[in-house]
Structure formats: C-alpha cells, structure tokens
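Just so we're on the same page: letters track the sequence lines, and every chain starts at 1. All values derive from a computational prediction rather than experimental measurement.
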2 protein chains.
Amino acid sequence: MSIASDLLRGNTDTIILASLAEHDSYGYLINKEIMAKTEAQIELKDATLYSAFRRLEKEGLVTTYWGDEEVGARRRYYSITEKGREVYGQNKAEWQKAKQMIDSLLV
Amino acid sequence: MSIASDLLRGNTDTIILASLAEHDSYGYLINKEIMAKTEAQIELKDATLYSAFRRLEKEGLVTTYWGDEEVGARRRYYSITEKGREVYGQNKAEWQKAKQMIDSLLV
DNA sequence: CAAGATACCTCGCCTGTCAAGGTATCTTTT
DNA sequence: AAAAGATACCTTGACAGGCGAGGTATCTTG
C-alpha cells in the first residue's frame with residue numbers, strides 16, 4: 001500500500017525541489033526517480049506534478065527550458081533558482097520540526 | 001512560526017485519536033493539550049477540529065456524549081471506539097513509513 | 001459591568017490532489 | 001505493417017480538508 005496523499009501534501013513542492021537541487025530534470029524523470037528511491041511507495045500523479053511546477057515557477061523557485069532532443073518526445077526541463085534553494089532549506093527545516101511535533105503527540 | 005497546515009493534514013484525525021486514546025476528552029481541551037505539548041506550534045483551528053469530529057463519528061472511530069456539568073459551559077465529550085484504536089494504530093504505522101520515505105527524498 | 005476565558009457550532013471560500021481525458025513520438029511485439 | 005507499450009507533455013473539473021468569519025451561551029476576574 002502506498003502512502004496516503006494527505007501525508008505527502010505539504011511536501012510535494014519540497015520533494016520536487018530536492019530532486020532539482022541535485023540536477024536539472026524533467027517531469028517524467030523526477031517521477032521515475034522518486035518511485036525508484038521509495039520503491040514506488042511515493043508517486044506523484046502527473047496532474048499533481050504539473051500543477052506543482054506551475055506553482056513553483058510562479059513563485060520564482062524554478063525556471064524552465066525546452067530540451068534539445070532531436071529524437072524522441074520533447075522534454076521540458078526545470079532548473080532550481082537561488083531562491084528555490086533557500087526555500088528548499090526552509091522547507092526542510094520546517095519538515096524536521098513538524099516531524100518532531102507530530103511525533104510528540106502520537107504516543 | 002507555527003507549522004504549515006498542509007504538513008499537518010493527514011495527521012489531524014490521528015492526532016485527535018491519540019488524544020482520545022489516553023482519555024475521553026472534549027474539543028476545547030484537546031486543543032489546549034495539543035498546544036501545551038507542542039508549545040503552541042501545532043494548533044487545530046476549531047472549525048477544523050469540529051469537522052474532524054464529525055468525520056470520525058461518521059466513520060465509527062469515536063462516540064460522543066454530553067457532559068453533566070452543572071455549572072459552566074456544556075461540554076461534548078468524545079470517546080474512542082475499538083475500531084478507532086485500530087485505525088489509530090494503522091495511522092501511526094503509516095506515518096512512520098511516510099516519514100521515512102520523505103526523509104529518503106530530502107537530501 | 002466589561003472583558004476575557006470557556007465551550008460549542010455553521011457557512012462558504014480556498015487550495016492541492018487527481019481521475020479522466022487529450023496529443024505526439026519512439027520501440028517492441030505480434 | 002499494425003498494435004501495444006513506453007516515453008513525454010498538458011488541461012479540465014470534481015472533491016476533500018482547512019479555516020476565516022461569523023454566531024451562541026456561561027462563568028470568572030478586574
């Protein structure tokens with residue numbers, strides 16, 4: 001059984017930023033990598049992913065450009081911005097705190 | 001700064017069940033106890049709390065009864081059911097797994 | 001007597017998730 | 001050569017949970 005999406009909510013953007021913090025990437029690949037790392041227990045549905053991208057772009061946390069594949073399907077790459085890295089750091093810190101607080105309530 | 005509600009979402013019901021697993025309680029008190037335990041970093045807004053109660057009741061995870069206060073504001077008490085304890089256990093396990101998975105993605 | 005704490009509740013908006021639908025290209029199988 | 005499956009993108013509309021804003025009633029304290 002995979003993780004309930006409500007438990008992921010609030011971390012989706014952070015998870016995407018984490019992926020982009022390592023290297024530029026594109027939707028399909030980000031998803032594959034997440035599934036690989038979590039043994040498919042976490043999967044971002046593509047509608048979720050693309051709405052997250054739009055949000056992140058709007059907030060200036062990522063930039064985007066089209067890949068120059070001469071063969072195969074086109075890819076839209078995303079790149080994390082300086083501001084994106086800052087927010088990523090803050091989000092991670094908040095996640096650490098949230099984890100701790102929730103744990104303190106669940107006996 | 002308190003915890004973003006999207007990080008709590010998915011744990012609200014579990015947090016309430018945790019509280020009721022210790023002793024019967026009522027809305028106002030549950031909230032106070034949560035705030036005390038987390039130094040006010042987690043706070044369930046009362047609209048959130050009452051909609052959660054309705055949900056939990058509907059699912060048969062809690063039962064409710066009016067307190068017999070002869071003085072002061074009336075209190076509606078909640079009691080966790082056997083099924084509630086089961087679900088609580090499952091939710092805790094899922095939370096443990098989710099934590100681990102998310103951590104494995106945030107480098 | 002006013003203010004604040006205790007204690008309950010509803011309505012309607014907002015946000016994020018996602019099922020369902022779509023397009024286009026390439027590879028593998030039949 | 002046609003079908004199936006993988007790669008890769010995207011939009012729309014419905015749904016659920018959180019919560020701001022509003023309300024009621026009682027008790028305590030300054």
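- One atom, CG of Asn91(A), and another, P of dG16(C), lie 13 Å apart when rounded to the nearest Å.
- Of the residues in residues 6-32 of chain B, those placing a heavy atom less than 4.0 Å from an atom of DNA chain D are Arg9(B), Thr12(B), in numerical order.
- In this structure, Thr38(A) contributes its side chain and Ile42(A) its backbone to a donor-acceptor pair below 3.5 Å.
- Residues Lys99(A) and Gln96(A) bring a donor and an acceptor atom of their side chains to less than 3.5 Å of each other.
- In this structure, the nucleotide among dA7(C), dC18(C), dC9(D) sitting nearest to the side chain of Ser5(A) is dC18(C).
- Of the possible polar contacts, none joining the Thr14(A) side chain to the Asn91(A) backbone as a donor-acceptor pair under 3.5 Å is found.
- With Glu94(A) contributing its side chain and Ala4(B) its backbone, the two residues share a donor-acceptor pair below 3.5 Å.
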In B/S/- notation (B base, S sugar-phosphate only, - none; protein heavy atoms under 4.0 Å), nucleotides 20-30 of chain D written 5' to 3' is B-----SS---

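- Only Thr48(B), Arg55(B), listed by number, bring a heavy atom of residues 48-60 of chain B to less than 4.0 angstrom from any atom of DNA chain D.
- The six-membered or imidazole ring of Tyr26(B) lies away from that of Tyr78(B), with a centre-to-centre distance of 6.0 Å or more.
- In this structure, the side chain of Ser19(B) does not engage the main chain of Ile30(B) through any donor-acceptor pair within 3.5 Å.
- For Glu22(A) and Lys37(A), the salt-bridge test passes: some basic side-chain N is under 4.0 Å from an acidic carboxylate O.
- Nucleotide dT10(C) holds its C1' atom 14 Å from the CZ atom of Arg76(B), rounded to whole Å.
- Spacing between atom CZ of Arg75(B) and atom P of dA7(C) amounts to 4 Å, rounded to whole angstrom units.
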May I have the step-by-step check of side chain to side chain contact (heavy atoms under 4.5 Å, CB included) for Ile16(B) and Phe53(B), ending in yes or no? CA-CA 9 Å; Ile16(B) 294 171; Phe53(B) 280 144; 3.7 Å; yes

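- For Tyr65(A) and Asp24(A), the side-chain atoms include at least one donor-acceptor pair closer than 3.5 Å.
- No side-chain N or O of Tyr88(B) forms a donor-acceptor pair with one of Asp13(B) less than 3.5 Å apart.
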